[in-house]
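Right, one structure below, let's go through it.
Excluded from the calculations below are hydrogen atoms, water molecules and symmetry mates; all remaining heavy atoms, backbone and side chain alike, are included.
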Amino acid sequence: MEDGFADNSVRNATDQFVEAIKESEIYKEYHIQKEKIKRHPELFERVGEFRQRNYELQTSARGDDLLEKLDAFEREYEEFRANPLVDDFLRAELAFCRMMQRVNVRITAGLDFE
């Protein structure tokens, strides 16, 4: 049980599920865009900073303050987001994240897990 699976059928189904995700168009596009932007390390580093600041902003600001801070954040990164490499990667990443969120919701709902 070194990988945390007590049941081989769950391990096998999980492996098949991971392969199905890898074969999805959403994952393939994300992987393509990730490889493209990683060829530009300085740009990829800035994307990481952008994502970190975005996360921090969305988890710390509240109410009207959030809207103001989001507007300022969007203005600050407007030119950066206009770069096609950045925009394509962030769009592909968002699509992949949304797919994974839907998967998690469906699994949790199907298991009656609260």
Side-chain angles (χ1 to χ4, degrees):
M1 197 172 88
E2 90 185 29
D3 61 4
F5 287 101
D7 187 329
N8 279 338
S9 65
V10 174
R11 178 188 301 115
N12 293 338
T14 302
D15 291 345
Q16 289 176 348
F17 182 58
V18 168
E19 288 306 312
I21 289 171
K22 287 179 177 178
E23 291 301 317
S24 73
E25 291 304 315
I26 289 173
Y27 176 80
K28 287 178 183 179
E29 181 64 19
Y30 165 71
H31 188 69
I32 288 167
Q33 296 305 327
K34 181 177 73 170
E35 292 305 311
K36 282 182 182 179
I37 201 160
K38 281 183 135 186
R39 290 184 205 129
H40 305 272
E42 71 291 338
L43 202 53
F44 188 64
E45 184 177 329
R46 284 203 61 210
V47 165
E49 293 167 5
F50 169 83
R51 292 174 1 207
Q52 181 65 36
R53 287 204 49 217
N54 187 33
Y55 172 78
E56 289 169 357
L57 180 63
Q58 291 190 25
T59 58
S60 66
R62 300 283 179 247
D64 291 338
D65 190 39
L66 175 61
L67 293 177
E68 289 175 23
K69 287 185 175 184
L70 282 174
D71 281 344
F73 179 76
E74 287 177 18
R75 284 190 306 274
E76 179 182 349
Y77 281 96
E78 187 174 7
E79 187 176 322
F80 177 68
R81 290 287 315 258
N83 182 320
L85 279 173
V86 171
D87 190 55
D88 290 349
F89 170 73
L90 291 173
R91 286 179 189 276
E93 181 182 58
L94 180 60
F96 179 63
C97 288
R98 285 183 175 157
M99 180 182 78
M100 294 306 296
Q101 287 172 335
R102 288 189 297 272
V103 164
N104 286 328
V105 166
R106 189 162 180 180
I107 289 170
T108 302
L111 295 174
D112 192 29
F113 180 73
E114 294 180 17

statement: salt bridge (charged side-chain N to carboxylate O under 4.0 Å, His left out) pairs touching residues 32-42, sequence neighbours excluded, are none
query: Same hydrophobic cluster for Leu57 and Val47, using side-chain heavy-atom links shorter than 4.5 Å among ILVMFWY?
result: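 Yes: a chain of side-chain contacts under 4.5 Å links Leu57 to Val47.
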In one Ile/Leu/Val/Met/Phe/Trp/Tyr side-chain cluster, 4.5 Å: Val10, Val18: no
task: Ignoring hydrogens and angles, state whether a donor on the side chain of Gln58 or Asn54 is under 3.5 Å from an acceptor on the partner side chain.
output: yes
Distance check, rounded to the nearest 0.5 Å: [X] atom [atom1] versus [Y] atom [atom2]?
{"X": "Leu70", "Y": "Arg75", "atom1": "CG", "atom2": "CZ", "value": "10.5 Å"}
{"X": "Met100", "Y": "Ile107", "atom1": "CE", "atom2": "CD1", "value": "7.5 Å"}
{"X": "His31", "Y": "Lys22", "atom1": "NE2", "atom2": "NZ", "value": "9.0 Å"}
{"X": "Glu74", "Y": "Arg81", "atom1": "CD", "atom2": "CZ", "value": "8.5 Å"}
{"X": "Glu25", "Y": "Met99", "atom1": "CD", "atom2": "CE", "value": "11.0 Å"}
{"X": "Leu85", "Y": "Ile37", "atom1": "CG", "atom2": "CD1", "value": "6.0 Å"}

message: Can you confirm whether Glu49 sits close enough to Arg46 that some side-chain heavy atom of one is under 4.5 Å from a side-chain heavy atom of the other?
response: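 Yes - at least one pair of side-chain heavy atoms lies under 4.5 Å apart.
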message: Taking the side chain as everything from C-beta on, heavy atoms only, tell me whether Val86 gets closer than 4.5 Å to Tyr77.
response: no
field: Parallel, tilted or perpendicular, as decided by the 30° and 60° cut-offs, for the rings of Tyr27 and Tyr30
entry: tilted
- prompt: Is the count of non-hydrogen atoms from other residues, nucleotides or ligands lying under 6.0 Å from Arg51 atom CZ greater than 12?
  reply: yes
- prompt: Does a sphere of radius 6.0 Å around CD in Glu79 hold more than 12 heavy atoms from other residues, nucleotides or ligands, not counting ones at 6.0 Å or beyond?
  reply: no
task: Apply the test side-chain contact (heavy atoms from CB on, under 4.5 Å) to residues Phe50 and Leu90: give CA-CA distance (whole Å), side-chain angles for both, the deciding distance (0.1 Å), then the verdict.
output: CA-CA 10 Å; Phe50 169 83; Leu90 291 173; 3.6 Å; yes
